[in-house]
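Since the structure comes first, as structure tokens, the remarks are kept for the end.
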Amino acid sequence: MALVSFKNTILHNLVSKPKTRRAEKEYPVGTRGHVENDMDLCVLCGLCSIKCPTHAITVDKAAKTWSIMPMSCIQCRCCVDNCPKKSLSMGLRFQEPGEEKITKTFKLSEKAIAAQEALMKAAKERAAAAAAAKAAQAAQGGAAPAPAKAPAQAAPAKPAETDK
Amino acid sequence: MSTRSVIPFGPQHPVLPEPIHLDLVMEDEKVIEAIPSIGFIHRGLEKLVEKKDFNEMVYVAERICGICSLGHGLGYSEAVEHIMDIDVPMRAKYLRTFWSELSRVHSHLLWLGLLADAFGFESLYMDCWRLREDALDMFEQSTGGRVIFSVMKIGGIRRDVPDEMLKDFYQRICRMEEELKVLSKPFLNDMAVQTRLRGVGILTAEQADALGCAGPFLRASGIARDIRSTGYCAYGDVDFEPIISNDGDSYARTECRIKEIFQAFDIMKQLLNKMPGGDIDVPVKGFPNGEYMMRIEQPRGEALYYVKANGTKFIDRMRVRTPTFANLSGLVETLKGCDLADVPILVLTIDPCISCTER
Ligand code: SF4
Ligand code: SF4
């Protein structure tokens, strides 16, 4: 009985395809391989580095870089889930091995820098406009000395207008 | 009167999968006494708990062990959820249970492979591991990881599994069951295997109970103690009986584990048939405050998680007692009086996971 089943195993193994798979297999969707960052979308808010349990991510706002230490990353997907801009994603391929604990640094792309600068500029302009409006208000208040209550009532109304 | 000699066995030894050291006191070929020592890969989880917040701790808990990774994450999350009075949605509970059973399948298949390797059945060993690969594939598809799943979180699970995938899993489980029926024959019927396993390392029910053994090692001695019967997670909704065997020898342990794989298939099918819809997690607010002792049934036996929280985001204390730790005393008992050649198989029959033990 045992011999018969063993013969079956041998025959089956002789005629069947190899059971081993290539290392370059197709990864199923959702495999947590490595972390990728789309530097066009990232705004360097730093949430990912706060949420990372192994502190693998560093965000340098001054140098406009985002870096990751792939050897420290444990592929937990926390950063990806917490990125407000959805710029992070999980690549399917596993992190390649290496001898050193490398740090991969990515610079914010030109496009993203331009977009951010435009945003900053707009914000500055708005701030400047608000400041100007306030100054004008103050000047008005100074020119016509009224009861102390009047400027205080007007002041909150004006910036709200400039915000629009 | 023969002289006694001591043979140091491990922590690095060709037949040992994990670093445990045994001093075997020998008289001729017989082992008179075995003195275990552990502590070669201690990792200090209890200190780490002061540095990681209670959400991040799930990832640490998962990394206690590579094989029962899901169970450790589950035990810790359930303990914190009990402290915080969180009601986990039904679908999350079912999926958690499903994955627990799938890890039982993959753990037991791995063990069967190692056992086949220990008595020199290379082809059988490879076949067991090939079958285990199917379980790992299912894990990879549904959780995104093969070994470390990172799918637990406090308040539920992090990833839903689409219904089509679950249907596919059902088919695959049926296929695996058929294949396992063929594979289990040599383990249970082969004469050479029986001579190596039958009557070797007998542990009586009284001994097993007194030494506090756990899991299949305990149930093979005839004590029906299975923490799944307490109905944690979704185990309350499925039908099953703890599997026991009365002989208490190595063969009984093999038989128990093989039957448990079939049982796990059955539980998974029941779960898939009843799988409820709905949410997979609930939002968690605030920090835990209180303490809880959670017991779950890992593939290797009962694991215990003690969590004490103090109302901040860091947990005061977390302690894990793993099944291998409980089974070591049983192992020392079975080793007394056995042949030196049987030591590797006896060490294997408790399904040792020393990395778990030294968390
Ligand atoms: S969380 Fe997202 S947007 Fe913010 S720094 Fe990280 S990658 Fe960039
Ligand atoms: S996947 Fe996890 S460990 Fe890796 S960088 Fe993201 S948060 Fe950090």
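Here is the naming used below: chain letters follow the sequence lines, and residue numbers restart at 1 for every chain.
Here CD of E56(B) is found 7.0 Å from SG of C78(A). Values are rounded to the nearest 0.5 Å. Between the CZ atom of F149(B) and the SG atom of C76(A) there is a distance of 15.5 Å, given to the nearest 0.5 Å.
Taking a 6.0 Å sphere around NZ of K107(A), one finds it holds more than 12 heavy atoms contributed by other residues, nucleotides or ligands. Within a 6.0 Å radius of NZ in K52(B), more than 12 heavy atoms belonging to other residues, nucleotides or ligands are found. Residue E110(A) qualifies as open at atom CD: its count of foreign heavy atoms under 6.0 Å is 12 or below. Applying the 6.0 Å contact sphere to NZ of K47(B) captures no more than 12 heavy atoms from other residues, nucleotides or ligands.
Note: E140(B) leads Q141(B), E140(B), R146(B) in heavy-atom pairs under 4.5 Å with chain A.
At least one donor-acceptor pair under 3.5 Å links the side chain of R63(B) to the backbone N or O of I74(A).
For S142(B), no part sits under 4.5 Å from any heavy atom of chain A, backbone or side chain. Heavy-atom distances place no part of N55(B) under 4.5 Å from chain A, backbone and side chain included. For D127(B), the part lying near chain A is the side chain, with the backbone staying farther off; criterion is any non-hydrogen pair under 4.5 Å.
Proximity of R32(A) to S150(B): side-chain heavy atoms (C-beta onward) are separated by under 4.5 Å at one or more points.
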